[in-house]
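Structure record follows, encoded as structure tokens.
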Amino acid sequence: MKLKFIPIDYDYFDFQGRNYAKLVGRDDKGKRVCVIDSCDVYLWAILKKGLNQKVVDKLISKIQKIKLNLKGRKTKVEKVELHDKNFLGKKVKALKVFATNYKDLHDIASKLDLKEIEKRRGYDLGYTTHYIIEKKINPLQWYEIEGDMLNNSQEFGGIDMALDVDLCIKLKSSKKVEGNFKPKILAYDIETDSLKIGEGEILMVSLVGENFKKVITWKKSKNKPQYTEFVEDEAELLKKFCEQVKKFSPDFLVGYFSDGFDLPYLKARAEKLKVKLELGIDGSQPKFSRGTLLTGKINGIVHIDILRFIRTAYAQYMKSETLSLNEVAKEFLGDTKKDFKIEHSSDIGENWEDYYKYNLHDSVLVVKLFEKFWPDLLEFTKVVQEPIFDVSRYGLSKQVESYIIHNLKRFNEIPEKRPTYDEISERRHSGGVEGAFVFEPKPGLYEKIAMFDFTSMHTSIIITHNISKGTLLEKKSKNSFASPEVELKGKKQKFYFSKEKGFFPELLNEIFEMRKKFKAEFKKNPNPITKARSNAFKVLSASVHGYIGFFGARYYSIESSASILAFVRKFNIETIEKIKKAGYEVIYGDTDSIAFLMNGKSEKEIKELLDKLNSELPGIMHLELEDFFKRGLWVTTRAGITGAKKKYALLDKENNLKIRGFETVRRDWCKLSRKLQNKIIKQILEDGNEKKALEDVKKIIKKLKERKIEKEDLIIKTQLKKPISEYIAQGPHVIAAKKMQEQEIPVSQGGLIEYYIAETSGKKKLVREKVKLPHEKGEYNIEYYLEHQILPAVENIFQVFGINIKEVIDGKKQENLGKWFK
DNA sequence: GTTGACGTCTTACC
DNA sequence: ACGGGTAAGACGTCAAC
């Protein structure tokens, strides 16, 4: 039979010693379809150079006789073929060694440790990746497929009967076709009375999909809202949850932090209450993979934890300080969680209806977030070509690597292997490479500033100079790109890269083109989503350099990484020199940007300078105008004399502020100093002087001393980056975390710790001795907030105007001492 | 007891 | 373990005075 099919979830199983791919997706009528297929499994044995035909023939027949008896499974090499291939861009002769079962490839590879064989590759990709590469049946892409319907068939052990699908097909052929796809999604969220997994009870669970809203709960209110479904107890809640998911039959079950909370919680409670959480289409329970992060998988339904995708693809470009559902929803949806304080269930009293609403609304937000990010998830999945389950969770290096792995066939390339444990360890201990150049600014308030920056600098350098592991030459050569001199492992040297196009820079060029496309889309139609997408591809494109220097990468090359950074320094410094020569005063620059004073010249003249600079740049390297600014402020470091790097504020022609590095953008400073600093920076940049700003500071200090500052503005938030026990230095946030632990307030690694500094009796000197948690009673420590929060945030700014703010304040203090301290 | 150098830790910039 | 290096700056620790 023939039908249209879109694969969504990928899995595989063994039957009679062979592997079969199990693809779950939809047909064009929305029916759930399972497709069973298989592919050749093989590895590559790269031959040593110069073997004669006789030796090769002998080797082939020797390999063909390999038989293995492993873990009760007898397998053998099925066949061997000789191919002309490329490995790292070089022509090689390689044997394609076919196996019966994918799991045997490792063992076969270890049998191939022979003198005629140089390297063994392609046995460490994972079956699903291997299958997608072989059969080109890519995730979230429509196919016209032809195959045999399995209906009450005994084939594959009666798989069609065991699966909850509308159609089960054994694939014969497939053809890619165009089509749209609207995913069927169901969001879920649980509410519990303890945040520790398995310890508390699940009070309610909400489910939201298209035209579907439900809260299942055993905490019954007097009036039963329409969307609720009351059950007798928690065990019944779990059963009902599974039943409703099954009935809705979503493609995606979506949560927020659900890998780390909702799904493992559900599973833990199900185990405790001896309820089977049969969510999978094969009736299986969710499975969790071990690792640093928990990952919850449901057979046939793609479990998406939308937080994980947001974290890798967008977090670095978001304004939100935390990735809480509340903040993220606010930034992308303009919507927030329902205002409802979760107390212990016993404190709720009759207020269950508000709790239901809150619970339901969280799922509504998750649906909306998923819908907002769906185009991006789709785009990423199509580019990276791995199942969306994985793509939505991958870190940046894995995204880059998968994109490469799935495109090697076009270049007839054999994939490089993953580094071994020893290789990783060696890479990690080989020491770093010198990074980018940062121009030391001269502190001051400047007028009329232009800023240039290089477009995707690292990426364009890699593409232009053909830099990669495969194109790196062993020695100096005429027809090559030479890197500037770099110091690597204590040796000053240059590296040379072939001018013959390498597959790696070529592939990067494709990502780079996509980045340009989405950036243009954002400029044409600016909104949070086009911006996010543009940034997502910026991240992917910019990550390639990081990938090359990442110790876990297949295509790791420290020589390439060092060369790229040497080029980055060279082009930035050279361009600074050229701008100076053209008669401008350069005031700042970091990595790929340069800011300089316009010096009375017109915007037109500066654009001409830009054109001239561009005409002198090689390859696809490009310098662009970031913007013209009315005013800009640079300050000194705390130490005093030198200009602080990575810290400045600019005001553009539309009076938009661009603040970098100042305390006002740092979440580990209290709101009071952040708000004040932001205000005075704005004031100074708008006025061109410090007069009004100084008054603002005086006002706030007066308020502080009169204890009129809200406690909320004094809370300091710091992330707990590791388990409490691992801290050597007992900083204030570590002490606050310990207090939380004592008071049985859940505190987790990665969580934000909030505290304030209070007045204490006795001679306590250390800050950590004055730490109090927000709910703890106490008066804020005036001296601390003045000396350690307000003054440090403003003093270098006034220093630019020759004002010593401390003296100004101290003078004031003497005058009004009696008034402030009675 | 104070001071300063240095290490630890977090966060931001690009 | 799950992109990179550069940099600021707070706070704790410890030795020297």
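Chain A is the first sequence line, chain B the second, and so forth, proteins listed ahead of strands; every chain is numbered from 1. Everything quoted here is computed from the prediction, not taken from an experiment. Scope of the values below: all heavy atoms of this structure, side chains included, with no hydrogens, waters or symmetry mates.
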Checklist entry - Ignoring hydrogens and angles, does a donor from either the side chain of R667(A) or the base of dT11(B) sit under 3.5 Å from an acceptor on the other? => result no
Checklist entry - Think Q719(A) has a side-chain N or O under 4.0 angstrom from the OP1 or OP2 of dT11(B)? => result yes
Checklist entry - R638(A) CZ to dA8(C) P: how many Å, rounded? => result 12 Å
Next on the checklist: Do the side chains of E386(A) and R393(A) get close enough for a salt bridge, i.e. N-O under 4.0 angstrom?
Outcome noted: no
Item to check | side-chain N/O Y784(A) vs dC11(C) OP1/OP2, d < 4.0 Å | outcome: yes
Next on the checklist: Does dA7(C) have its OP1 or OP2 closer than 4.0 Å to a side-chain nitrogen or oxygen of K645(A)?
Outcome noted: yes
Checklist entry - Taking OP1 and OP2 of dG3(C), is either one under 4.0 Å from a side-chain nitrogen or oxygen of H545(A)? => result no
Checklist entry - Reckon V433(A) touches a base, only the sugar-phosphate, or nothing at all at heavy-atom distances under 4.0 Å? => result sugar-phosphate
Checklist entry - How would you label the contact of A553(A) with the nucleic acid (heavy atoms, under 4.0 Å): base, sugar-phosphate, or nothing? => result nothing
Item to check | Nucleotide nearest D590(A) when distance is taken to its side chain, options dC13(B), dG4(C), dT11(B) | outcome: dC13(B)
Item to check | Between C1' of dG5(C) and CZ of R428(A), the distance in whole Å | outcome: 16 Å
Item to check | Rounded distance in Å - CD1 (I558(A)) to P (dG3(C)) | outcome: 16 Å
Checklist entry - Within the structure shown, what part of the strands sits under 4.0 Å from Y556(A) by heavy-atom distance: base, sugar-phosphate, or nothing? => result nothing
Checklist entry - Is the distance from OP1 or OP2 of dT8(B) to the nearest side-chain N or O of K722(A) less than 4.0 Å? => result no
Checklist entry - Under 4.0 angstrom, heavy atoms only, what part of the nucleic acid is E434(A) near: base, sugar-phosphate, or nothing? => result sugar-phosphate
Checklist entry - Using 4.0 Å as the upper bound for N to carboxylate O, is an ion pair formed by K658(A) and E626(A)? => result yes
Next on the checklist: Using a 4.0 Å heavy-atom cut-off, does R666(A) contact any base of the nucleic acid, only the sugar-phosphate backbone, or nothing at all?
Outcome noted: base
Item to check | Candidate pair E624(A) and K519(A), rule salt bridge (Lys or Arg N to Asp or Glu O under 4.0 Å), full reasoning | outcome: CA-CA 14 Å; E624(A) 65 179 347; K519(A) 191 177 178 179; 3.1 Å; yes
Next on the checklist: At less than 4.0 Å, is any side-chain N or O atom of H458(A) found next to OP1 or OP2 of dG5(C)? Yes or no.
Outcome noted: no
Checklist entry - dT11(B) phosphate, OP1 or OP2: any side-chain N/O from K717(A) under 4.0 angstrom? => result no
Item to check | Test: K739(A) and E742(A) ion pair at under 4.0 Å | outcome: no
Next on the checklist: On the nucleotide dC14(B), are OP1 or OP2 found under 4.0 Å from the side-chain N or O atoms that T591(A) carries?
Outcome noted: no
Checklist entry - 5'-most contact on DNA chain C: G552(A) or A436(A), nearest heavy atom basis? => result G552(A)
Item to check | Cationic N near anionic O, under 4.0 Å, R554(A) to D124(A) | outcome: yes
Checklist entry - Is the phosphate of dT13(C), meaning OP1 or OP2, less than 4.0 Å from a side-chain N or O of R768(A)? => result yes
Checklist entry - Contact class for Y648(A) (heavy atom, under 4.0 Å): base, sugar-phosphate, or nothing? => result sugar-phosphate
Item to check | Among dG3(C), dT10(B), dT8(B), the one nearest S397(A) by side-chain distance | outcome: dG3(C)
Item to check | Verdict with reasoning, R674(A) to D713(A), per salt bridge (Lys or Arg N to Asp or Glu O under 4.0 Å) | outcome: CA-CA 9 Å; R674(A) 295 173 63 185; D713(A) 285 337; over 6 Å; no
